[in-house]
Amino acid sequence: MPPVRPKGFGKPKNAKETIKRIIEYMGKFKALWLLVFLCVLISSGASVAGGMFTKIAINKYILPLLQEYMAAGSILTSELQAGIARFGAMIVGVFCVFLAGAFASWCNNRLMLYISTNVLYNVRVDLFTKLEKLPIKYYDAHTHGELMSRFTNDTDTLREMMSQTVPQLFSSIITVLAVFIMMLILSPLLTLIMILSMVFISMMIAAIGKRSAKAFRQNQKSVGELNGFIEEMIEGQKVIKVFNHEDNARAQFEVLNTNLRKAGTSAMTYGGVMGPLMNNLSHMQYAIVAIVAAALMIAGFNSAESSNWFIGVLDLGTIAAFLQYTRSFSQPISMMSQQANSVLNALAGAERIFGVIDEEVEVDEGKISLVNAYEAKEKDGSIKLVQSFAKTGEWAWKNPDDNSLKALKGEVIFDHVTFGYKPEKMVLHDISIHAKPGMKIALVGSTGSGKTTTINLLTRFYDVPEDCGAITFDGFPLNKISKDSLRKSLGMVQQNTHLFTGTIRENIRYGNLDASDLQVYEAAKLANADNFIKHLPEGYDTVITSDGASLSQGQRQLLAIARAAVANPPVLILDEATSSIDTRTEALIEKGMDSLMAGRTSFVIAHRLSTVRNADEIIVLEHGKIIERGTHDQLIAAKGRYYFLYTGNRITLDE
């Protein structure tokens, strides 16, 4: 009975915090950033130099040469030829400067591409690492599609921003600063006109950007919800078709798809307005500056004698250069506004990624660890348990407080345990179970009675609150044992099996990565899987995909049993392990299962009660309470709930 999924997801961060986190990732490449900065300076310097070259070309070469040419009666004199040669040399110099700027821009893009891909690599590593550390209850509360959206849509938006937007923004900022300085040198008055117009433009951008950020955040959330729904529908296609649920599923899809369409339309509308608005405003700005500059030049402010420092010398070359700078100033800002879509979209995606990374990890305060051990004979003839750093097949609990060792026996005790996934709703009520080493404990009862929850507590997928009873393992409180060591001592076969993409051999070996091929074969024979494996096209080397879709459910279950067998755990948990196996196959593997459980403490959850008749103790759960316990014969003789579940004959029934 997993907890209900919440409507929200992750911990929301504001844009400032999200940008700070992204900068922290980017800051790991400081040396490369210095090279990027140098390349941007060269590239921006070449761009800024173009305006000064324009001024020099007009004022020093083009106008004087035209005047000399007209004065000479349209004849190329030696002085004109020499002037043209000097002008040609300047053009070559300008070409070299622009070539250096183009090369620096190329280097900048290559460096930013390297930085962005490595930043995304680190983000994905941190995200995957965090997912590995999150507790099972987190996965119970969120759909797979929502989590996959973090690795696909959200990281993709971050990639686009890192590889394209950030380089352009960085270059644009440097260019704008350099151009601004040059404009101040040419004419503070015209620069002031530029600043006033840019203040108005910035106010427009801020107003639209605020709404756009909200729209993009909602868009990313809608994408995650739709992906989660589609993932569930694809997995449940057989169920949908069997129950003719297509129309209802389509209706649900329409709602989510409509929400995404509305959110996407809103986000793209705000984002789409930004570019055209900036272009038109920049054209108006260009026209205003040109009109004012031309009027001042006509008014006589075209020489050092007739002008002042605030207006500047507004000759033809200066005006041409300033107008070029006006375009160079507004174009990067216009480009930055157009990139606002990518930035806002990426910030929304990064916010969701960091929301997962900031989730609380699985808490493990247990210090007692599981170690290999062997029995050594002391001089006085006594036997002492000694830790072994080689694999012995024997295990012991090591207490770091006194470095003492205690042999792993497999004694599990539930001492008056009460538990609920939510504090206001308890699932288990005062559960007490004593599983002695080697005992086979069977948990039976109707669906929702608390069987799986009991196992979730034993595996520490969930922990028992301090004031709600206790669980001990070989005398140690369960929460004092590290989760890694605890789960290493447990082997589990679940009702819903999961197979990984790979060979049959690799899937069985997943239970023990150090298992030899011989151990894999023996485990498969024990689970009665060897026969059908040999009939596969490549035998144990047959590659399975899509969670073993090419295999029957029973065959997948047999492989899961073989995986548990090769792990050779001291304690076994079988959660409806034979539910997908036909009666004939069940009979064939019954001896193998008995051999697997021999000498091991075993917990068996079963609805098919014929599989638990030989259990040492059968515990009957109902509504989270133990209502009966005993052997098969004792419970049949009592003619209570177990008798009814086993025979279907309602003679007496305690509700």
Side-chain angles (χ1 to χ4, degrees), residues 132-133 362-415 433-441 455 457-461 463-464 470-493 508-523 526 562-574 592-603 616:
E132 290 285 284
K133 295 180 179 179
E362 188 173 20
V363 178
D364 186 8
E365 298 178 352
K367 297 181 180 180
I368 298 173
S369 59
L370 192 64
V371 298
N372 281 280
Y374 65 93
E375 291 183 346
K377 190 173 183 180
E378 298 288 340
K379 293 181 179 180
D380 58 0
S382 61
I383 302 297
K384 181 180 180 181
L385 198 61
V386 180
Q387 181 178 354
S388 172
F389 295 96
K391 295 181 179 179
T392 61
E394 300 295 329
W395 299 94
W397 300 110
K398 182 178 180 179
N399 191 339
D401 293 336
D402 54 10
N403 287 324
S404 61
L405 295 178
K406 183 177 182 180
L408 192 158
K409 300 296 185 181
E411 182 182 31
V412 178
I413 298 176
F414 283 71
D415 185 14
I433 302 173
H434 187 183
K436 297 179 181 179
M439 283 185 66
K440 178 180 179 181
I441 303 295
I455 299 303
L457 296 179
L458 176 58
T459 55
R460 287 197 69 190
F461 290 159
D463 284 324
V464 179
I471 304 176
T472 61
F473 196 135
D474 286 335
F476 296 111
L478 209 62
N479 60 357
K480 300 299 181 182
I481 302 174
S482 72
K483 292 183 178 181
D484 286 344
S485 293
L486 173 66
R487 292 165 186 170
K488 188 183 296 183
S489 70
L490 304 173
M492 189 170 184
V493 181
I508 296 177
R509 188 175 279 136
Y510 197 84
N512 179 8
L513 297 179
D514 297 322
S516 64
D517 286 346
L518 180 60
Q519 290 174 312
V520 170
Y521 302 148
E522 290 177 348
L526 185 64
R563 180 189 293 169
V566 80
N568 194 27
V571 177
L572 273 176
I573 299 172
L574 306 176
M593 293 292 293
D594 289 340
S595 299
L596 184 62
M597 290 185 287
R600 295 183 173 90
T601 306
S602 302
F603 289 85
D616 296 299

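Remember, it's a predicted structure, so these values are computed and weren't measured experimentally.
- In this structure, the side chains of Val464 and Ile471 come closer than 4.5 Å at one or more pairs of heavy atoms.
- Checking side-chain atoms of Arg563 against main-chain N and O of Tyr510 turns up no donor-acceptor pair under 3.5 Å.
- Atoms NZ and CG, on Lys488 and Leu408 in that order, are 11.5 Å from each other to the nearest 0.5 Å.
- Of all heavy-atom pairs between Ser489 and Pro569, the closest is O-CB, 3.9 Å.
- The minimum heavy-atom distance between Leu385 and Lys406, with the atom names listed, is CD2-C, 3.9 Å.
- Residues Ile433 and Val412 fail the side-chain proximity criterion, which asks for heavy atoms closer than 4.5 Å.
- Contact check on Arg460 versus Asp364 returns a salt bridge, with a Lys/Arg side-chain nitrogen under 4.0 Å from an Asp/Glu carboxylate oxygen.
- For the pair Asn372 (side chain) and Ser388 (backbone), a donor-acceptor distance under 3.5 Å is absent.
- Taken to the nearest 0.5 Å, the CD1 atom of Ile455 stands 10.0 Å off from the CZ atom of Phe461.
- A salt bridge between Asp616 and Lys436 is absent, with no side-chain N of the basic residue lying under 4.0 Å from a carboxylate O of the acidic one.
- The closest side-chain heavy-atom distance from Thr472 to Phe414 is not below 4.5 Å.
- The shortest heavy-atom contact between Met492 and Ala564 is O-CB, 4.5 Å.
- With rounding to the nearest 0.5 angstrom, the OH atom of Tyr374 is 10.0 Å from the CD atom of Gln387.
- Residue Gln519 comes nearest to Val566 through the heavy atom pair O-CG2, 3.9 Å, listed as atom of the first residue, atom of the second, then distance.
- In this structure, Glu375 places its CD atom where only 12 or fewer heavy-atom neighbours from other residues, nucleotides or ligands lie under 6.0 Å away.
- Side chain of Arg509 to main chain of Asp514: no donor-acceptor pair is present (N/O by atom type, distance under 3.5 Å, no hydrogens or angles).
- Between the Asp474 side chain and the Gly410 main chain, a donor and an acceptor come within less than 3.5 Å of each other.
- With hydrogens and angles disregarded, a donor-acceptor distance shorter than 3.5 Å links the side chain of Thr601 to the backbone of Gly438.
- Proximity of Phe473 to Ile481: side-chain heavy atoms (C-beta onward) are separated by under 4.5 Å at one or more points.
- Annotation for Leu486 and Leu458: closest pair CD2-O, 3.5 Å, computed over non-hydrogen atoms.
- To the nearest 0.5 Å, the span separating OG on Ser602 from CG on Leu572 amounts to 4.5 Å.
- Nearest approach of Ala562 to Ile508, heavy atoms of both residues: O-CG2, 3.9 Å.
- In this structure, Ile441 CD1 and Ile573 CD1 are separated by 12.5 Å, a value rounded to the nearest 0.5 Å.
- Screening Ser482, Ser485, Pro400 for a side chain to side chain contact (heavy atoms under 4.5 Å, CB included) involving Lys367 leaves a single residue, Pro400.
- Going from atom NZ of Lys480 over to atom CH2 of Trp397 covers 15.0 Å, rounded to the nearest 0.5 Å.
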